[in-house]
Amino acid sequence: MDFETLVRTRRSVRGYKPDPVPRDVIAEIIDVAKGAPSSMNTQPWHVHVLTGAPLDEVRRRNTEMMLAGAEPRRDIVTHAPYDGVHRQRQVDIAIDLFSAMGIQRHDKVMRQDWVLRGFRQFDAPVSLVLTYDRVLDPGMTAPFDLGALSYGICLAAWDRGLGTVVNGQGITRSDIVREVARIPDDEVIMTCIAMGYPNDEFPANTVKAKREPIDRFVRFVGFED
Ligand SMILES: Cc1cc2nc3c(=O)[nH]c(=O)nc-3n(C[C@H](O)[C@H](O)[C@H](O)COP(=O)(O)O)c2cc1C
């Protein structure tokens, strides 16, 4: 795929085939993505690739804790609930996803089912847990660097016919992920990326999230025209 087609067609995938993803394909994707820029070339990232029994344990325990009403326990500072224009965009994507899935606004059972799918990382066969070196806290450059790595992973995966969704829901309880995947304490768990072959029958996979036109967020300074 040429670069522009890759970027313009990629979308988050929330329904997967159960087929396993070969380890060498995942390694190749990370090898491409590691070309991401990072502050002073510090490359502060670590990637823990989970599948099979450990991933199932993370899903199960994450879901149990959240259903039991436990508070989220993320390693990073998060922002939700959103307000204003951010809240509006959050609502817009939710409306598009629910509409594709046929989930009615007041259907509490189906809405809960969707939330539970999120806690299970949409049953993807693979989850990449991204961490950075804790010694770099409380700076913001390491999370920025991980953002660059994440996008590279999503694009390199899409180029190979694989879907991804960066997701916070799957690691709402970072302590569980840390314990199951034996992630050392000197790493901060930033996010995870669910990965697998897209299930083309899954309605939400058709949703293309909207973007603002660039004149809403770009200023050109010092140009003639
Ligand atoms: C940091 C981050 C966290 C995210 N968490 C979730 C999540 O918990 N559940 C989910 O369904 N999507 C999650 N997403 C995916 C976004 O909803 C998605 O990227 C956005 O709606 C744009 O859609 P697109 O990726 O299809 O272009 C997350 C994305 C990012 C970057």
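Whatever order the structure lists them in is the order used to number ligands and atoms, beginning at 1.
Counting only heavy atoms, the protein gets under 4.0 Å from atom 22 (C) of ligand 1.
Those atoms of ligand 1 that come under 4.0 Å of a heavy atom in Ile93, given as number and element, are 21 (O). Listed by number with element, the atoms of ligand 1 under 4.0 angstrom from any heavy atom of Gln169 are 7 (C), 8 (O), 9 (N), 10 (C), 11 (O). Distances below 4.0 Å separate heavy atoms of Arg11 from the following atoms of ligand 1: 26 (O). Close approach of ligand 1 to Ser12 is summarised as follows: ligand atoms under 4.0 Å from at least one heavy atom of the residue are 15 (C), 18 (C), 19 (O), 24 (P), 25 (O), 26 (O). Set against the non-hydrogen atoms of Ala209, the atoms of ligand 1 under 4.0 Å away are 22 (C), 23 (O). Here is the list of ligand 1 atoms found below 4.0 Å of a heavy atom in Phe122: 11 (O). Within ligand 1, counting atoms from 1 as listed, the ones closer than 4.0 Å to a heavy atom of Val165 are 12 (N), 15 (C).
Remark: side-chain polar atoms of Asp145 are not paired, donor with acceptor, to backbone N or O of Ser38 under 3.5 angstrom. Remark: side-chain polar atoms of Arg14 are not paired, donor with acceptor, to backbone N or O of Phe202 under 3.5 angstrom.
Residue-to-ligand polar distances place Val166 within reach of ligand 1: an N/O pair is separated by less than 3.5 Å. Between Arg211 and ligand 1, a contact under 3.5 Å exists for at least one N or O pair. For ligand 1, one of its N or O atoms has an N or O atom of Arg14 under 3.5 Å away.
Ligand 1 is approached by Gly168 to a heavy-atom distance shorter than 4.0 Å. In this structure, Lys208 falls outside the shell of residues with a heavy atom less than 4.0 angstrom from ligand 1.
When the options Asp133, Asp186, Thr131 are evaluated for a side-chain hydrogen bond (donor to acceptor under 3.5 Å, both in side chains) with His46, the one that passes is Asp133. With His48 as the partner, the side-chain hydrogen bond (donor to acceptor under 3.5 Å, both in side chains) test is satisfied by one option alone out of Glu187, Arg178, Arg182: Glu187.
Relative orientation of the Phe98 and Trp114 rings is perpendicular, given thresholds of 30° and 60° on the angle between their planes.
Using a 4.0 Å cut-off between a side-chain N of Lys or Arg and a carboxylate O of Asp or Glu, Arg59 and Asp56 qualify as a salt bridge. Ion pairing of Arg117 with Asp113 is present here, as a side-chain N (NZ or NE/NH1/NH2) and a carboxylate O approach within less than 4.0 Å.
Counting heavy-atom neighbours within 6.0 Å of Arg134 CZ, excluding the residue itself, gives a total above 12. Annotation for Gln90: atom CD counts as buried by contact number, over 12 foreign heavy atoms lying within 6.0 Å.
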